[in-house]
Amino acid sequence: MKVWIDGQLVDEADAKVSVFDHGLLYGDGVFEGIRMYHNRVFKLREHIERLFWSAKAILLEIPMSPEDLIRACVETCRANGLRDGYIRLLVTRGKGTLGLDPRRCPKPSVIVIASTIQLYPEQYYREGLTIVTVPTTRNLVNSVNPAIKSLNYLNNILARIEANNAGVEEAIMLNSDGFVAECTGDNVFIVQKGRLFTPPQSAGALYGITRNTVLDCARELGIVVAEPNMTRYDVYIADEMFLTGTAAEMVPVVKVDGRVIGSGKPGPVTARLLEAFHERTKTDGEVIFA
Ligand code: PXG
């Protein structure tokens, strides 16, 4: 496998960062997870835009233009012969000294890894996931805002460990007010009487690109959408529920904290949206091989 690092495509074995990189020492950096479908990098421009927003929020200057980053992603897919798969794009604060001060890091590093990704087992897409709410609270919007896709995912990892301990694959995280924020790597949606709801971004969620795509699909299908604050109660009484994320795509949820959601099977609105989503993956994004 070839990995893109700071302008060069190198062999996987030579793709290395310094132990003094503040991305490693402090989780100081930002990233994106991007998918390729049918020879296209899905929503690549939107991912690059969000990467620049994350970087801006942490005062990290990306040493490349958006257009150059787009080219680097496509080039890395080509170098690995990938038409479907997954890109992990990251920008670290770079090599510095021991000590927090990012002024000691003169040059941020840009890394593009293009590979494949393991989906949830197919069974979950057919039958739906069982999930739980976990005690670890979503980061406060006034701390490291959860909208920043930073290299410090420890909060989400703790929640994921709590999900693992409960024997399930995902976890709902609440914010400090007790409202539903999102899952550890996915945004949350519910369907109630034919209408689609997802927590507002101010509740402490990532500005999910799959979330936006699904909202666009819903509006196009004439489904009413809203972004209200949502409690666990709202989730329990939903007719349908699903999660969205680049890795997970759209995955139905059929049980939360022991409560069966709706009929206990993936619902009809979820199925319509899933079909619309898959259609979009066929036509959107930068072409890899001309
Ligand atoms: N919330 C969080 C906390 C995330 O990390 C999403 C929501 C969904 O956002 P997108 O833009 O992807 O629709 C994410 C994204 C992984 C992995 O390796 C995780 C994500 C994306 C890609 C891969 O687990 N999370």
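Note that ligands are numbered from 1 as they come in the structure, with each ligand's atoms numbered from 1 the same way.
Under a 3.5 Å cut-off, the side chain of Q192 and the backbone N or O of F197 do not form any donor-acceptor pair. Listed for the N175 side chain is no donor-acceptor partner under 3.5 Å among the backbone atoms of A181.
Close approach of ligand 1 to R88 (heavy-atom distance below 4.0 Å) involves ligand atoms 16 (C), 18 (O). Atoms of ligand 1 lying under 4.0 Å from at least one heavy atom of G208, given by number and element, are 9 (O), 10 (P), 11 (O), 13 (O). Near T184, meaning under 4.0 Å from one of its heavy atoms, ligand 1 places the atoms 3 (C). Taking every non-hydrogen atom of A247 and a distance limit under 4.0 Å, the qualifying atoms of ligand 1 come out as 17 (C), 22 (C), 23 (C).
For the pair Y207 and ligand 1, the shortest N or O to N or O distance does not fall below 3.5 Å. Considering backbone and side-chain atoms together, T244 places no N or O closer than 3.5 Å to any N or O of ligand 1. At under 3.5 Å, not a single nitrogen or oxygen of G33, backbone or side chain, sits near a nitrogen or oxygen of ligand 1. Not one N or O of I117 is nearer than 3.5 Å to an N or O of ligand 1, by distance alone.
The heavy atom nearest to atom 20 (C) of ligand 1, considering only Q118, K149, R211, is found in K149. If you check each of Y153, Y86, F31 against atom 5 (O) of ligand 1, the one with the closest non-hydrogen atom is Y153.
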Derivation and outcome, side-chain hydrogen bond (donor to acceptor under 3.5 Å, both in side chains), residues D21 and S18: CA-CA 5 Å; D21 192 307; S18 165; over 6 Å; no
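The single protein non-hydrogen atom nearest to atom 13 (O) of ligand 1 is T210 OG1, 2.5 Å, given as residue, atom name and distance. Considering only non-hydrogen protein atoms, atom 2 (C) of ligand 1 sits nearest to E182 OE1, 3.5 Å. Regarding atom 19 (C) of ligand 1, its nearest protein heavy-atom neighbour is G185 O, 4.3 Å. Among all protein heavy atoms, the one lying closest to atom 12 (O) of ligand 1 is T246 OG1, 2.5 Å.
Only side-chain heavy atoms of N156 come within less than 4.0 Å of ligand 1; its backbone N, CA, C and O stay farther off. Proximity of R138 to ligand 1, defined as any heavy-atom pair under 4.0 Å, is confined to the side chain (atoms from C-beta onward).
I172 and V251 fall within a single hydrophobic cluster, where Ile, Leu, Val, Met, Phe, Trp and Tyr are joined by side-chain heavy atoms under 4.5 Å apart, directly or via other members.
Within 6.0 Å of atom CD in E127, more than 12 heavy atoms from other residues, nucleotides or ligands are found, so the atom counts as buried in its surroundings.
Counting only N and O atoms by type, the side chains of N156 and R160 include no donor and acceptor under 3.5 Å apart.
Annotation: the span from E227 atom CD to R211 atom CZ amounts to 4.5 Å, rounded to 0.5 Å. The structure places OG of S54 at 9.5 Å from CG of N145, a figure rounded to the nearest 0.5 Å. Taking CG from L100 and NE2 from H22, the interatomic distance works out to 8.0 Å, rounded to the nearest 0.5 Å.
Within the 4.0 Å heavy-atom cutoff, K43 does not count among the residues contacting ligand 1.
Between F42 and F277, the ring-plane angle classifies as perpendicular under the 30° and 60° cut-offs.
Proximity of atom 24 (O) of ligand 1 to the protein is not indicated, since no non-hydrogen protein atom lies closer than 4.0 angstrom.
Nearest heavy-atom pair across V141 and G204 is CG1-CA, 4.2 Å.
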